[in-house]
There are 2 protein chains.
Amino acid sequence: MSGTHTDVPSMVATPLVLPVVADEYEQCPVTDVLRRVGDKWTVLVVVVLGQRPYRFNELHRGIPGISQRMLTRTLRGLEEDGLASRAVFPTVPPSVEYALTDLGRSLLGPLSAVADWAVEHQEQIARSRARVGQERFTAGGVQEPSRIAAPGQ
Amino acid sequence: MSGTHTDVPSMVATPLVLPVVADEYEQCPVTDVLRRVGDKWTVLVVVVLGQRPYRFNELHRGIPGISQRMLTRTLRGLEEDGLASRAVFPTVPPSVEYALTDLGRSLLGPLSAVADWAVEHQEQIARSRARVGQERFTAGGVQEPSRIAAPGQ
DNA sequence: CAGTATCCTATTTGATACTG
DNA sequence: CAGTATCAAATAGGATACTG
């Protein structure tokens, strides 16, 4: 990470002294977006809207499995953050068009960095999960009786 | 996003036909990592471990606000995915050292892309939230009576 | 069409106490 | 020191029904 947001100590010795109060993390912009982006549907909606503007039910059909309620909530969230726009056309029946804003489109790049990483390493991760699952079933021993003799305090 | 994982239609016309079953998204590697990374503590722990290895209570002190339970769970998750390693030294009292693996370190880059985006746009997002909050209080009208007359069904 | 309202379940997180 | 166990609270998510 860049280090601009929540300054983790540059390289201080134990004990580490973070310049933060107990819950400053709650307001950390990085934690903030990652939690939004980490919810169940946001990324998917952003990616789909990244293709072109969509109307509500069109999105609903386009993202199988999402409930009307969650689609609404997700879109409201994106709108609130200025990532998507909502344009209402007073026709009958009404038509509402959602589209990414410039800000929303600017997120597509960074997002794909993580996405690419995920795709690239998915097998390795899957293998790790399987292996750790096995180890839980078998072993009970200590891995490395080496290196450190006694911990500092 | 790269398009390798969940192929969103390249640019097909309405109605869009996603080549996915209802809940294939649940197993999408991208959704998968983003949900892990979107939890409350994982990114923070990864970033701190990105500095150097830490022992358990050292991490606990280094991340104010995290409970012992969540620190354990977060670390177990990272370990399971192969992002962090856990080395037990059979001293008395016991000493356990956590560190990022190569895989874990390889995530730092992609993560910082999103992190930098968040830092860069945090004010714009904050302003948007404030503005939308205001609009909820005031307006009730339609924004754009323009462009479309009647929606296609 | 594009939602809202309500109810309910599941998952996440936190607080507290105890242990090898 | 490095956890585990248990319980409670908060939040996310889903199903269903109704509406301008």
Side-chain angles (χ1 to χ4, degrees), chain A residues 14-15 22-23 25-26 31 34-45 53-77 79 84 86-98 136 140-143 148-153, chain B residues 14-15 22-23 25-26 31-32 34-42 44-45 53-77 79 84 86-98 136 140-143 148-153:
Chain A
T14 348
D23 55 2
Y25 292 127
E26 312 273 339
T31 296
L34 282 175
R35 282 186 75 85
R36 169 147 304 212
V37 145
D39 76 6
K40 195 165 182 180
W41 302 107
T42 294
V43 169
L44 222 39
V45 171
Y54 276 83
R55 284 182 299 111
F56 185 87
N57 278 346
E58 202 181 4
L59 268 175
H60 197 192
R61 285 188 299 271
I63 303 177
I66 195 172
S67 65
Q68 214 166 21
R69 181 175 170 277
M70 286 314 294
L71 179 55
T72 302
R73 286 174 59 88
T74 303
L75 288 168
R76 293 281 177 279
E79 201 194 347
R86 176 176 181 271
V88 181
F89 302 105
T91 56
V92 284
S95 177
V96 180
E97 191 178 272
Y98 292 93
R136 276 206 230 297
V142 169
Q143 298 105 315
I148 299 180
Q153 199 228 101
Chain B
T14 345
D23 54 4
Y25 292 128
E26 313 273 340
T31 295
D32 190 72
L34 282 174
R35 283 186 74 85
R36 169 147 303 213
V37 145
D39 77 6
K40 196 165 183 181
W41 302 106
T42 294
L44 223 40
V45 172
Y54 276 83
R55 284 180 300 110
F56 185 87
N57 278 347
E58 203 182 3
L59 268 175
H60 196 193
R61 285 188 298 271
I63 302 177
I66 196 173
S67 64
Q68 214 167 18
R69 182 176 170 278
M70 287 314 296
L71 179 55
T72 301
R73 287 175 59 87
T74 302
L75 288 168
R76 293 283 177 277
E79 201 195 346
R86 174 175 182 273
V88 181
F89 302 104
T91 55
V92 284
S95 177
V96 179
E97 190 178 273
Y98 292 94
R136 276 205 230 297
V142 169
Q143 298 106 316
I148 299 180
Q153 200 231 102

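As a basis for the values below, the full set of heavy atoms in this structure was taken, side chains included, without hydrogen atoms, waters or symmetry mates. Proteins get letters first, then strands, A, B, ... in listed order; numbering begins at 1 in each.
Distance from the side chain of S95(A) is smallest to dA2(C) among dG3(D), dA2(C), dG3(C). In this structure, of dC1(C), dT4(C), dA2(D), it is dA2(D) that holds the atom nearest to the side chain of F56(B). Set against dT13(C), dA2(C), dT4(D), the side chain of Q68(A) has dA2(C) as its closest nucleotide. The N57(A) side chain lies nearest to dA2(C) when the options are dT4(D), dA2(C), dG14(D). Among dA2(C), dC1(D), dG3(C), the nucleotide with an atom closest to any side-chain atom of R86(A) is dG3(C). With distances taken from any side-chain atom of T72(A) to the nucleotides dT4(D), dA12(D), dT4(C), the minimum falls on dT4(C).
Rounding to whole angstrom units, CZ of residue R73(B) and P of dT12(C) are separated by 7 Å. A straight line from CE of M70(A) to P of dG3(C) spans 15 Å, rounded to a whole angstrom. To the nearest angstrom, C1' of dA12(D) lies 13 Å from CZ of R36(A). Taking atom CD on E79(A) and atom P on dA2(C), their separation rounds to 14 Å, with Å as the unit. A straight line from CD1 of I66(B) to P of dT12(C) spans 15 Å, rounded to a whole angstrom. In this structure, the CG atom of L59(A) is 13 Å from the P atom of dC1(C), given to the nearest Å. Straight-line distance from the CZ atom of R61(B) to the P atom of dA2(D): 8 Å, rounded to whole Å. Summarising the geometry, the separation between CG on L71(A) and C1' on dT4(C) is reported as 14 Å, rounded to the nearest angstrom.
Of the inter-residue distances, the one linking R73(A) atom CZ with T42(A) atom OG1 reads 10.5 Å to the nearest 0.5 angstrom.
In this structure a side-chain-to-backbone donor-acceptor pair under 3.5 Å is missing from E79(B) to R76(B). Judged by distance alone, the side chain of H60(B) and the main-chain N or O of L71(B) form no donor-acceptor pair under 3.5 Å.
Applying the side-chain hydrogen bond (donor to acceptor under 3.5 Å, both in side chains) rule to T74(A) yields no partners; only residues at least two apart in sequence or on another chain are considered. Every residue two or more places apart in sequence or in another chain that forms a salt bridge (charged side-chain N to carboxylate O under 4.0 Å, His left out) with R36(B) is listed here: D81(B).
No option in V96(B), L75(B), I66(B) other than L75(B) meets the side-chain contact (heavy atoms from CB on, under 4.5 Å) test with L59(B).
Paired runs in DNA chain C that reach 3 or more consecutive Watson-Crick or G-U pairs, where each pair keeps both distances under 3.5 Å, cover C:1-20 with D:1-20.
Nearest heavy atom pair, residue R35(A) against residue G38(B), reads CG-O, 3.4 Å. Taking both residues in full, the closest heavy atoms of S95(A) and T91(A) are given as N-OG1, 3.6 Å, listed atom of the first, atom of the second, then distance.
Side-chain atoms of R69(A) come within donor-acceptor range of the base of dG13(D), with a qualifying N/O pair under 3.5 Å.
Put simply, R35(A) has a side-chain N or O that comes within less than 4.0 Å of OP1 or OP2 on dT13(C). In this structure, K40(B) reaches the dG14(C) phosphate: one of its side-chain N or O atoms is under 4.0 Å from OP1 or OP2. Side-chain N/O atoms of Y98(B) include one lying less than 4.0 angstrom from OP1 or OP2 on dG3(D). Note on R76(B): a side-chain N or O is less than 4.0 Å away from OP1 or OP2 of dT4(D).
In this structure, G38(A) and V96(B) both approach DNA chain D, and ranking their closest nucleotides by distance from the 5' end singles out V96(B).
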